[in-house]
Amino acid sequence: MNLKTCKQIRKQSKVILVEWFKSLVSKDESENVNENNILSYLSPQTHLFANNQLRLSAYSFKWTVKKVKALVRKTHIDVTAVRLKDIEENNS
């Protein structure tokens, strides 16, 4: 992928993380969350160790980028059209 597409994927990943995070918290708390500060709300621990393997934590920024990139490659849809429900449907 070229740099322009990767930049779009990283930006869309933040949008997806905001959408996911707002579904977890109350309406009052969700008003403070946006694309600029979503990374401060996420856990700093991005990996977990299970069954003698190091894996990405679900819904971390890097995990979301990986899922969006795989979805774009697989379905050839526009990066800006990818939403949280698309990732959840593809992940199941």
Pairs of donor and acceptor atoms involving the side chains of residues 65-77, under 3.5 Å and at least two apart or interchain, shall be tabulated with distances.
{"unit_1": "Lys67", "atom_1": "NZ", "unit_2": "Asn91", "atom_2": "OD1", "d": "3.4"}
{"unit_1": "Lys74", "atom_1": "NZ", "unit_2": "Asn90", "atom_2": "OD1", "d": "3.1"}
{"unit_1": "Thr75", "atom_1": "OG1", "unit_2": "Leu71", "atom_2": "O", "d": "2.7"}

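Distance check: Ile16 CD1 to Asp86 CG gives 7.5 Å after rounding to the nearest 0.5 Å. Lys4 NZ to Gln8 CD: the interatomic distance, rounded to the nearest 0.5 Å, is 6.5 Å. To the nearest 0.5 Å, the span separating CG on Leu17 from CG on Leu39 amounts to 7.5 Å. Here the CD1 atom belonging to Ile9 is positioned 11.0 Å from the OG1 atom belonging to Thr80, to the nearest 0.5 angstrom. Annotation: the span from Arg83 atom CZ to Glu88 atom CD amounts to 13.0 Å, rounded to 0.5 Å.
The 12-atom threshold is not exceeded at CG of Leu3, counting heavy atoms of other residues, nucleotides or ligands nearer than 6.0 Å.
Among residue pairs with one or both ends in residues 27-50, those qualifying as ring pair (Phe, Tyr, Trp, His ring centres under 6.0 Å) are Phe21-Tyr41; sequence neighbours excluded. Residue pairs meeting the side chain to side chain donor-acceptor pair (under 3.5 Å) criterion with at least one member in residues 50-65, sequence neighbours excluded: Gln53-Arg55.
For Ser26, the side chain to side chain contact (heavy atoms under 4.5 Å, CB included) partners are Asp28, Glu29, not counting sequence neighbours. Checked against side chain to side chain donor-acceptor pair (under 3.5 Å), Lys22 has no partners two or more places apart in sequence or in another chain. Under the side chain to side chain donor-acceptor pair (under 3.5 Å) criterion, Ser30 pairs with no residue, sequence neighbours left out.
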TODO: Might you work through the side-chain contact (heavy atoms from CB on, under 4.5 Å) test for Ile38 and Val33, ending with a clear yes or no?
DONE: CA-CA 6 Å; Ile38 185 64; Val33 180; 3.7 Å; yes
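When hydrophobic side chains of Ile, Leu, Val, Met, Phe, Trp and Tyr are connected at separations under 4.5 Å, Val15 ends up as a singleton with no cluster partners.
Between Arg10 and Phe61, the closest heavy-atom pair is O-CE1, 3.7 Å.
Judged by distance alone, the side chain of Asn37 and the main-chain N or O of Ser40 form no donor-acceptor pair under 3.5 Å.
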